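Here the structure comes first, spelled out in structure tokens, and everything after it is commentary.
Predicted, not measured: the structure shown is a model, and the values here were computed from it. Numbering starts at 1 and runs along the sequence shown.
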Amino acid sequence: MVPRAVDRSHAELLRDRGTLDAVGEALAHLHGRPSGARRPPARVAQPFTIGELARRLGVGVATVRAWERAGVLAPDRRPSTNHRTYDADDVRDAELAHFLRRGHHPLPLIATVVQEVRTAGDTRTLESALTDWRARVTARGLAMLKAAALLSDYAGARAD
């Protein structure tokens, strides 16, 4: 039972580090630092349709729908037609999702990153939260290393 709990803790730590890395990449992308950026951030005067958004990103409409099903995108719908509409924040989220998918990040992770960006409201708030989160993950990793060393010493002492 103890080895499984330790394994689960290590797997969770690894997932957290992956999420932190993806959020860091996303922030760099939002700031326009990556060398592979395809276009400047969206300036949306009026909402995009799903087809317009797909063309902007160079992906298929089915991809945009899949991102919506995965919780990455949450577009509004026109009451009269029920058609999706994508405002500036939705376009930012879609561009972020596209960037992270090109990095082979899984959709559940991308949905988490996009939600963090939405919740933070601006990148400075997210950067501060990311710094705090990274410090907590690092502290947890160090505590796990210390615990592993103590466990190893204990197991060695019992074997003697």
Kindly say whether Ala148 contributes a backbone atom to a donor-acceptor pair with the side chain of Ser152 at under 3.5 angstrom? no
Could you grab the distance from atom [atom1] of [X] to atom [atom2] of [Y], nearest 0.5 Å is fine?
X      : Y      : atom1 : atom2 : result
His98  : Ile110 : NE2   : CD1   : 10.0 Å
Arg136 : Thr138 : CZ    : OG1   : 11.0 Å
Thr49  : Arg84  : OG1   : CZ    : 11.0 Å
Leu96  : Trp67  : CG    : CH2   : 9.5 Å
Leu107 : Thr112 : CG    : OG1   : 10.5 Å
Leu57  : Arg102 : CG    : CZ    : 9.0 Å

Should the pair Asp93-Arg118 be classified as a salt bridge under the 4.0 Å nitrogen-to-oxygen rule? yes
Using a strict cut-off of less than 4.0 Å between a Lys/Arg side-chain nitrogen and an Asp/Glu carboxylate oxygen, indicate whether Asp89 and Arg92 qualify as a salt bridge. yes
Considering all heavy atoms, the nearest [X]-[Y] contact:
X      : Y      : result
Val72  : Val114 : O-CG1, 3.4 Å
Tyr86  : Val64  : OH-CG1, 3.4 Å
Leu13  : Arg140 : CA-NH2, 3.3 Å
Thr85  : Asp90  : O-OD2, 3.7 Å
Ala111 : Ala70  : CB-O, 3.6 Å

Would you say that His10 contacts Val6 through its side chain, given a criterion of any heavy-atom pair below 4.5 Å between the two side chains? yes
Verify same cluster id: Val113, Leu14 (apolar side-chain graph, 4.5 Å): no
What do you reckon, is CZ of Arg158 surrounded by more than 12 foreign heavy atoms closer than 6.0 Å? no
Stepwise side chain to side chain contact (heavy atoms under 4.5 Å, CB included) check, Leu53 with Glu95: CA-CA 9 Å; Leu53 180 61; Glu95 288 177 341; 5.9 Å; no
